[in-house]
Amino acid sequence: MYRIVALSLVLLLSFISCRNNNDSSNDLIEYVDDFDYPFYNLKLSEIANIEFVQLKDPDKALILNPYMPLNTYIGEDCILIGDMSLSSPESSRILMFDKNGNYIRTIAGYGRGPGEIYGMYRMMVQKESEKIYVFSIDGMSLSTFDFNGNCIKHDKITNRRFFISAVYGDKILLHENQSQYKTNTRYVDHGKSLVAIDSETYDYFDIENPTYQRLFDINCMQSLYPDFIYSPNGIYLQTLRTDTVYLIREDLKIIPRCVNKCSMEKGYDAILPVIETEDYVLFARNNTVTAQIRDYSHYIFLKEESKLYRLPCSNISGAYIHEKLLQNEIAFSSINVSLNPNVLVVYWTHEVLNKYYDRLSEDLRKMADNITEDDNPILMILTFEK
């Protein structure tokens, strides 16, 4: 009897070990830009919950850059929008709305002192403590606010080469945009590209650094152009100048997640992960030369099959993805990524609503009928849970 129990425990532990070792979040996904991937038929409504919120009170909080706000965070009781006119860095502010779109308050005003921001580069939110972190390029300062708008801490970032990029647990990640790059005439290596600071004290400490083994030559891009995207398994670190997308896990361990196996002499098309659930990873395709989405192609990696597919899409030109969304197609880019894992946001301005008015659903058309060009946009929230 004892031997049977002992053997059963051994087999159970072996099974658990295998499951952990085969964790699909650690699988390396490879993409080749000239391979003809099979299509996988999938509609947006099959994998995403869709919600529309009319952002109100434009007289108190008119969004200055409705086509591309800096950051958007969807909280349990509020919506936070990092807003700044691209032509006026002094217009930086954070707008708070409730879940029905009613204006609550403006957090941080114009200036260079405590409680003020100028030239906001990024807004970050720590969900558990309900703290907002704002990094301003002008003066290289980091400010911490609570959800009531109180400034808790304000200080300079001592290492001017690093930019605040993401908050993860009680750590804030900083990235050196020009740590390494390669052009037709030179190669630059400034050393570490990733460090962290304590979110309470702003003290620096060392963490593992990603290894960029393949850089490609583009003479006009003297930067890595990094992007940080939140997922349930960690934070994706991806750049337009390297072939590897890394996943930064909760223990700050950095593992390669996706490799673009392409020729890198003249730039290439790369797929960049945006959404990850238990069953799949969704990718958008970018061109490393133009940094633009190419023909709105999207890909899906099915974890159970360990196989990459291309998603069907109509041929749509122009800057808007709204038409594809109205056709129930999967469409997004990095500007639609929110500060929430697996949540995308799309802003529908009065201009866009008028352009596609005849194609709007009945509910969205009723909302469109009640706004003018002087009103705030309608916020479309797509939550990927399926």
- Task: For K303 and T277, indicate whether the former's side chain and the latter's backbone hold a donor-acceptor pair under 3.5 Å.
- Result: yes

- Query: How about F228 and Y236: are their ring centres within less than 6.0 Å of each other?
  - Reply: no

- Between the main-chain N or O of I74 and the side-chain N or O of N340, is there a donor-acceptor pair closer than 3.5 Å? yes

- Item | Whether over 12 other heavy atoms sit under 6.0 Å from D251 CG | yes

- Query: Rounded to the nearest 0.5 Å, how far apart are CE of M367 and OG of S361?
  - Reply: 9.5 Å

- Query: Strictly by modelled atom types, are N49 and E385 linked by a side-chain donor-acceptor pair under 3.5 Å?
  - Reply: yes

- Query: Roughly how far, to the nearest 0.5 Å, is CG of L353 from OG1 of T372?
  - Reply: 11.5 Å

- Would you name the heavy atoms of I104 and D98 that are closest together and state the gap between them? CD1-N, 3.5 Å

- Message: Checking the side chain of E305 only, and the main-chain atoms of L302 only, is there a donor and an acceptor separated by less than 3.5 Å?
- Response: no

- Query: Nearest 0.5 Å, what's the CH2-OH distance between W348 and Y356?
  - Reply: 8.0 Å

- Test item: N376 side-chain N/O and A61 main-chain N/O as donor-acceptor pair under 3.5 Å: yes

- To the nearest 0.5 Å, how far apart are CG in L95 and CG in L80? 9.0 Å

- Task: Report the C-alpha separation of L379 and Y347 in whole Å, then their side-chain angles, then the decisive distance to 0.1 Å, and conclude whether the side-chain contact (heavy atoms from CB on, under 4.5 Å) test is met.
- Result: CA-CA 5 Å; L379 177 62; Y347 287 82; 3.6 Å; yes

- Item | S306 vs D27, side-chain contact (heavy atoms from CB on, under 4.5 Å): CA-CA, chis, key distance, verdict | CA-CA 8 Å; S306 293; D27 290 345; 4.1 Å; yes

- Quick one: does D83's side chain have a donor or acceptor within less than 3.5 Å of a partner on N65's backbone? yes

- Passing option when L70 is tested against M120, R122, M123 for side chain to side chain contact (heavy atoms under 4.5 Å, CB included): M120

- Is the shortest heavy-atom distance from the side chain of Y73 to the side chain of I79 under 4.5 Å? no

- Message: With clusters defined by side-chain heavy atoms of hydrophobic residues (ILVMFWY) lying less than 4.5 Å apart, directly or transitively, does L272 cluster with I321?
- Response: yes

- Message: Can you confirm whether I229 sits close enough to I235 that some side-chain heavy atom of one is under 4.5 Å from a side-chain heavy atom of the other?
- Response: no

- Query: Judged by atom type as modelled, is there a donor-acceptor pair below 3.5 Å linking the side chain of D57 to the main-chain atoms of K60?
  - Reply: no

- Task: Please answer whether the main-chain N or O of E351 pairs with a side-chain N or O of N354 as donor and acceptor at a distance below 3.5 Å.
- Result: no

- Ion pair K99/E51, N-O distance below 4.0 Å: no

- Task: Among Y280, F332, F283, find the residue that satisfies the ring pair (Phe, Tyr, Trp, His ring centres under 6.0 Å) test when tested with H298.
- Result: F332

- Message: Taking the basic N atoms (NZ, or NE/NH1/NH2) and the acidic carboxylate oxygens, is any pair closer than 4.0 Å for K171 and D198?
- Response: no

- Working to the nearest 0.5 Å, report the span between CG of D358 and CG of L360. 8.0 Å

- Looking only at non-hydrogen atoms, find the nearest pair between N209 and L194 and report the distance. OD1-N, 2.9 Å

- Message: For M96 versus I107, what's the shortest heavy-atom pair and its separation?
- Response: CE-CD1, 4.0 Å

- Note on the structure: The reported gap from CD1 in I248 to CG in N233 (rounded to nearest 0.5 angstrom) is 13.5 Å

- Message: Could you report the tightest heavy-atom contact between Y168 and G234, atom names first, then the distance?
- Response: OH-CA, 3.3 Å

- Message: Could you check whether S199 and D170, counting side-chain N and O atoms only, form a donor-acceptor pair closer than 3.5 Å?
- Response: no

- Task: For the residue pair Y357 and D369, confirm or rule out a side-chain donor-acceptor distance under 3.5 Å.
- Result: yes

- Query: What do the steps show when you test Y230 against S338 for side-chain hydrogen bond (donor to acceptor under 3.5 Å, both in side chains), and what is the final call?
  - Reply: CA-CA 8 Å; Y230 291 88; S338 74; over 6 Å; no

- Item | Side-chain heavy atoms of F145 within contact of N150, under 4.5 Å | no

- Criterion side-chain hydrogen bond (donor to acceptor under 3.5 Å, both in side chains) on S45 and N328, from CA distance to verdict: CA-CA 7 Å; S45 59; N328 200 20; 3.0 Å; yes

- Taking all heavy atoms of N342 and all of P232, pick out the closest pair and write down the distance. ND2-CG, 3.4 Å

- Message: Strictly distance-based, threshold 3.5 Å: is any side-chain N or O of D227 a donor or acceptor partner for the main-chain N or O of Q238?
- Response: no

- Task: Indicate if Y299 and L42 have the same hydrophobic cluster label, given that clusters are the connected sets of ILVMFWY residues with side-chain heavy-atom separations under 4.5 angstrom.
- Result: yes

- Message: Taking CD in E76 as the centre, count heavy atoms belonging to other residues, nucleotides or ligands within less than 6.0 Å. Is the count above 12?
- Response: no

- Message: If I compare all heavy atoms of D374 with all of L62, which pair ends up nearest, and what's the gap?
- Response: O-CD1, 3.7 Å

- Message: For Y309 and Y40, I'd like to know if the aromatic rings sit close, meaning centre-to-centre distance below 6.0 Å.
- Response: yes

- For the residue pair I300 and L308, establish whether any side-chain heavy-atom pair is separated by less than 4.5 Å. no

- Run the numbers on I132 and D146 for side-chain contact (heavy atoms from CB on, under 4.5 Å), then give the verdict. CA-CA 6 Å; I132 304 168; D146 60 25; over 6 Å; no

- Using atom types as modelled and distance alone, determine if a side-chain donor or acceptor of E208 lies under 3.5 Å from a backbone N or O of I254. yes

- Task: Group every Ile, Leu, Val, Met, Phe, Trp and Tyr by side-chain heavy-atom contacts under 4.5 Å, then state whether L142 and L174 land in the same group.
- Result: yes

- Item | Evaluation steps, side-chain contact (heavy atoms from CB on, under 4.5 Å), between L339 and T72 | CA-CA 6 Å; L339 295 177; T72 305; over 6 Å; no

- Query: Do F135 and S141 touch side chain to side chain, with heavy atoms closer than 4.5 Å?
  - Reply: no

- Query: Would you say K253 has more than 12 foreign heavy atoms packed within less than 6.0 Å of its NZ?
  - Reply: no

- Tell me, do I81 and I94 make a side-chain contact under 4.5 Å, heavy atoms counted? no

- Does the pair E276 and R257 meet the rule for a salt bridge (charged side-chain N to carboxylate O under 4.0 Å, His left out), with working shown? CA-CA 12 Å; E276 178 170 3; R257 187 69 172 101; 2.9 Å; yes

- Item | Check: R359 and H322 side chains under 4.5 Å, non-hydrogen atoms | no

- Message: Quick one: does any side-chain atom of K153 pair with a main-chain N or O of Y202 as donor and acceptor, under 3.5 Å?
- Response: no

- Query: Is the closest side-chain heavy-atom distance between N71 and M124 below 4.5 Å?
  - Reply: no

- Query: Applying the 4.5 Å side-chain criterion to the ILVMFWY set and letting contacts propagate, would V337 and V343 be lumped into a single cluster?
  - Reply: no

